[in-house]
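I have placed the structure first, in the form of structure tokens, so that the comments after it can refer back to it.
We use all heavy atoms of the structure for the numbers below, so side chains are in, but hydrogens, waters and symmetry mates are not. These numbers come from a predicted model, not from an experiment.
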Amino acid sequence: MPRFSIVVPTHGTLGRLSRTLDSVLLDRRFDDVEVIPVCDGPEAPESVTVARRAESDERLRAAVWSPPAAGLGAARDAGARAARGTYLLFLDGDDEVAPGALHALDARLRETGEVDVVYGGYERVHWWEGSRGTVQVPGTPDGVFAPADALGARAASLPAWSAAYRRAFVEERELTFDEGYFTDLSWGVRVALSAEKAAVLPEPVLVRHLLRRQGSRIDGPGAHHLDRLDQFDRALGHAAERPDIAGPLFAELAAIALKTAAVPGQLPHPGRYFKRASALYRRHRPAGFRAPASLDAQCRLLAAGSYTAFRAVRGARRAAGSLKPAPPEPRQEKRAPEVYAEYLKQPVDPNLAVYCAYWGRGYTCSPAAIHAAAQRLAPHIHSVFLVTEDGAGRVPEGVEHAVLGTPRAWEVLARATYFVNNANFADSVVKRPGTVHLSTQHGTPLKKMGLEQADHPVVAPATGALRRLLGRVDRWDYLLTSNRHSTEVWERACPGDHETLEYGYPRNDAYYTADAAEVARVRRELGIPEGKKALLYAPTHRDYRTGFDAQLDLGALCDALGDDFVVLQRAHYYYDDAGGVPRPPHDRVVDVTGHFSSEEVCLAADALITDYSSIVFDYANLDRPIVVYADDWDVYRALRGVTFDLLAPDQAPGPVATTPEELARLFRSGAWADQESAARRTAFRERFCAFDDGRAAERVVRRVLLGEPAEAVEPPLPLARRTPAPAASAPAAPAPTAPRS
């Protein structure tokens, strides 16, 4: 029987769930624990994360199912029923157990004996800067105490996850969570009234509670505020025999009810809310209750149920407050031209879509693939691609385009309904009501992105730049991902209220729709000699270096490999735009940097040599050999920041070399394409090619442009049922080899 059972409801926590689990499972100071995740169902995205972790850690139990409609309380109850530990803890799936807290909790229980509940403080961690504010349990004795006497009504304000509960006590008293959003309120009162012995964990805090950028949904407007009244009703019913608790609880009910009813737009039916609050006020008002002088008049109106008069009083107070001088307007960063403001006065065109890729470099990447699919599936939608003057030369004939900065481009940006971009539109672009913005991104994030860059000074933008990034994120309605890893990372790096579409990258459709003739055509255009094995070398950009550096002597590599191989050199597009790519150093090195389509270059290559470029995730769709050349991994990881260890044996897409000699040896020995290499690639594809199947663009068009419901869009094909484009020359069948460490 474990000492602690930690119940973790996971609904909507995918972006931080791994960190939540790490906070328990990686803290080896205390191992006597089981973690019980509660997921929406077997197909929920969080279930995949749990299943993967459970394979390697027996302390992580198989997930318990609880449908989202049942609510948080039902999820906690489901986990508690499955628990075997002596003590129960409830941890939200985006919070963390504080370092050393379980060890300290165990030590505290050895001091106090088996008390019914141990309360702990918690840290409120800001979603961005990580600044913290500590909330401790105030006014409690140092030793063991009766919580109803020591805490009283304050027990209603303690989150359920800020305490550990003796499981036998919970079961004996038949303590369960009530339905609703504010279930901690009535739970806290019932626990305090039922428990005979309690203690407090003085140090450290028990939980680090993340404050979400979007804020707590329960604090926003909506009919759910009626549930808070229902929870007060239950709590006051439980405390009816304890006037010392019921009195302060009632005062809190009155203050919250008045505050909520006074906020314009907070309630869909404010009169109904006020009527319900009035009924509770009259039912539970203690004998002799006197409201504070500042609220006396409003409490009288609440008791009488006079919402019209209450609204008039509050309106007068707001009007008086509006006489104060307005604060100065914030400084504008950049203003759009006046022509844009004029176009914004015109109605939105319901059949106009605007596309852009790589800040206008041309017709490319997922926006181009979606555009092409839309021409076929949604021909009624008028599509315009935005490009720079240089990018205009990279637009195929028949594709309508506009040059960024021109009046036509601003007109399209002002009047379009659909916005598709693999980066972001300018800060000055206004999201008008009824418009739909889709961010396709342009690669699986191996390197740290968005807000997660803030910890890496070499690449971290200034604070203002990150704030502008969040302003752009707030325009998104949809975010596209090609694997579960991307879903998790983007939720942390770009937090917002958008919906994530796990549909795959439309640009990667080409890896499943191209045939042998298409592969042969591209190889001819690139100048790859017939019968040669083409190795694509595509190093990523280094933020801490200026100018292009191949990181590898490609001429020496060609000499070491012999005449059967040619190397395709493809520099990052940053260098292509700057014209900073040197001439190839060898007659068997073909520079393909200028070839606009990275998908075609990948189709032409028989194998990939890469370092930390996101091209590795796209190329893996082809199920062709991949070799990682990582000569500066420690530097890159420290200065740029990464989301996982690409070089780890269980995570690499193939063999890894850290020196030119090792790289040449991998190819001369055949290890680049042996059975172990294939096994690693298979595992890598299962993790990072989960949603790419050749139909991603179609899924996007149906969901975003045609408005089909999510359940009507067919899911991606399983990996085993996909057929990637064939390679021009396959490596010889490998001889069986023993796995290498």
Side-chain angles (χ1 to χ4, degrees), residues 48 364-370 372-373 422 440-446 480-487 489 501-519 522-523 534-538 540 568 570 592 595 597-628 644 646 651-654 672-673 677-700 714-731:
V48 179
T364 185
C365 198
S366 290
I370 297 170
N422 73 350
T440 71
Q441 296 297 338
H442 52 272
T444 292
L446 169 60
L480 196 60
T481 68
S482 60
N483 49 65
R484 189 60 44 73
H485 169 79
S486 294
T487 300
V489 171
L501 302 179
E502 294 184 321
Y503 287 175
Y505 278 159
R507 72 181 186 189
N508 291 346
D509 287 354
Y511 299 136
Y512 296 97
T513 58
D515 56 16
E518 178 73 2
V519 172
V522 176
R523 287 173 68 94
L535 308 179
L536 172 60
Y537 177 60
T540 193
L568 310 179
R570 185 170 181 82
V592 295
H595 193 83
S597 171
S598 62
E599 293 77 48
E600 289 192 346
V601 172
C602 288
L603 286 170
D606 298 293
L608 173 69
I609 304 172
T610 189
D611 45 12
Y612 329 121
S613 171
S614 66
I615 199 172
V616 67
F617 304 100
D618 304 322
Y619 189 84
N621 281 283
L622 291 168
D623 198 16
R624 303 177 191 175
I626 299 172
V627 176
V628 177
F644 71 96
L646 181 68
Q651 301 192 61
W672 66 289
S677 171
R680 287 186 176 184
R681 187 169 68 253
T682 296
F684 191 83
R685 294 181 74 232
E686 289 174 350
R687 182 179 179 188
F688 294 109
C689 301
F691 310 140
D692 288 328
D693 65 350
R695 302 183 304 169
E698 178 180 339
R699 282 190 285 272
V700 171
E714 292 187 7
L717 286 171
L719 207 63
R721 293 176 54 190
R722 306 177 201 168
T723 303
S729 57

Can you tell me how far the [atom1] atom of [X] sits from the [atom2] atom of [Y], to the nearest 0.5 Å?
{"X": "N422", "Y": "S366", "atom1": "CG", "atom2": "OG", "answer": "7.0 Å"}
{"X": "C602", "Y": "R624", "atom1": "SG", "atom2": "CZ", "answer": "8.5 Å"}
{"X": "I370", "Y": "R507", "atom1": "CD1", "atom2": "CZ", "answer": "11.5 Å"}
{"X": "L446", "Y": "I615", "atom1": "CG", "atom2": "CD1", "answer": "13.5 Å"}
{"X": "L501", "Y": "T440", "atom1": "CG", "atom2": "OG1", "answer": "11.0 Å"}

Side chain to side chain contact (heavy atoms under 4.5 Å, CB included), that's the test. Do V616 and L608 meet it? Break it down for me. CA-CA 8 Å; V616 67; L608 173 69; 4.3 Å; yes
Looking only at the side chains, is there a donor atom on one of Q651 and R680 sitting less than 3.5 Å from an acceptor on the other?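 Side-chain D/A pair, Q651 to R680: absent.
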Between T487 and T481, does any side-chain donor sit less than 3.5 Å from a side-chain acceptor? yes
Please confirm whether the backbone N or O of [Y] pairs with a side-chain atom of [X], one donor and one acceptor, at under 3.5 Å?
{"X": "Y619", "Y": "A605", "value": "yes"}
{"X": "D606", "Y": "A534", "value": "yes"}
{"X": "H485", "Y": "P445", "value": "yes"}

Taking 4.0 angstrom as the limit, do R699 and E714 come out as a salt bridge?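 Salt bridge: no.
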Determine, step by step, whether C689 and N621 satisfy the side chain to side chain contact (heavy atoms under 4.5 Å, CB included) criterion, reporting the C-alpha distance in whole Å, the side-chain angles of both residues, the deciding distance to 0.1 Å, and the verdict. CA-CA 6 Å; C689 301; N621 281 283; 3.5 Å; yes
Closest approach of [X] and [Y], non-hydrogen atoms and distance?
{"X": "G443", "Y": "S614", "value": "CA-OG, 4.0 Å"}
{"X": "A696", "Y": "Y503", "value": "CB-O, 3.3 Å"}
{"X": "A373", "Y": "E698", "value": "CB-N, 4.5 Å"}
{"X": "P726", "Y": "A514", "value": "CD-O, 4.3 Å"}
{"X": "P506", "Y": "G504", "value": "CD-O, 3.3 Å"}
{"X": "D693", "Y": "L717", "value": "OD2-N, 2.8 Å"}

Looking at residues at least two apart in the chain, or sitting in another chain, which of them share a side-chain hydrogen bond (donor to acceptor under 3.5 Å, both in side chains) with N508?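 Here the qualifying residues are D618, D692.
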Considering residues at least two apart in sequence or located in another chain, which fulfil the side chain to side chain contact (heavy atoms under 4.5 Å, CB included) criterion with [X]?
{"X": "R681", "value": "D623, P625, S677, A678, R685"}
{"X": "E686", "value": "T682, L719"}
{"X": "Q441", "value": "S439, W476, L479, W490, Y505"}
{"X": "A604", "value": "V522, R523, L526, I528"}

Side chains of P653 and V627: does their closest heavy-atom pair fall under 4.5 Å?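 No, every pair of side-chain atoms sits at 4.5 Å or beyond.
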S598 side chain reached by T364 side chain, heavy atoms, under 4.5 Å: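 No, side chains not in contact.
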Non-neighbouring partners of R484 that pass salt bridge (charged side-chain N to carboxylate O under 4.0 Å, His left out), sequence neighbours left out: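 R484 satisfies salt bridge (charged side-chain N to carboxylate O under 4.0 Å, His left out) with E502 only.
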Could you walk me through whether L536 and I609 pass the side chain to side chain contact (heavy atoms under 4.5 Å, CB included) check? CA-CA 6 Å; L536 172 60; I609 304 172; over 6 Å; no
In this structure, is the centre-to-centre distance between the rings of F617 and F688 below 6.0 Å? yes
Run the side chain to side chain contact (heavy atoms under 4.5 Å, CB included) test on Y537 and T610 for me, step by step, so that the C-alpha distance in whole Å, both residues' side-chain angles and the decisive distance to 0.1 Å come before the verdict. CA-CA 6 Å; Y537 177 60; T610 189; over 6 Å; no
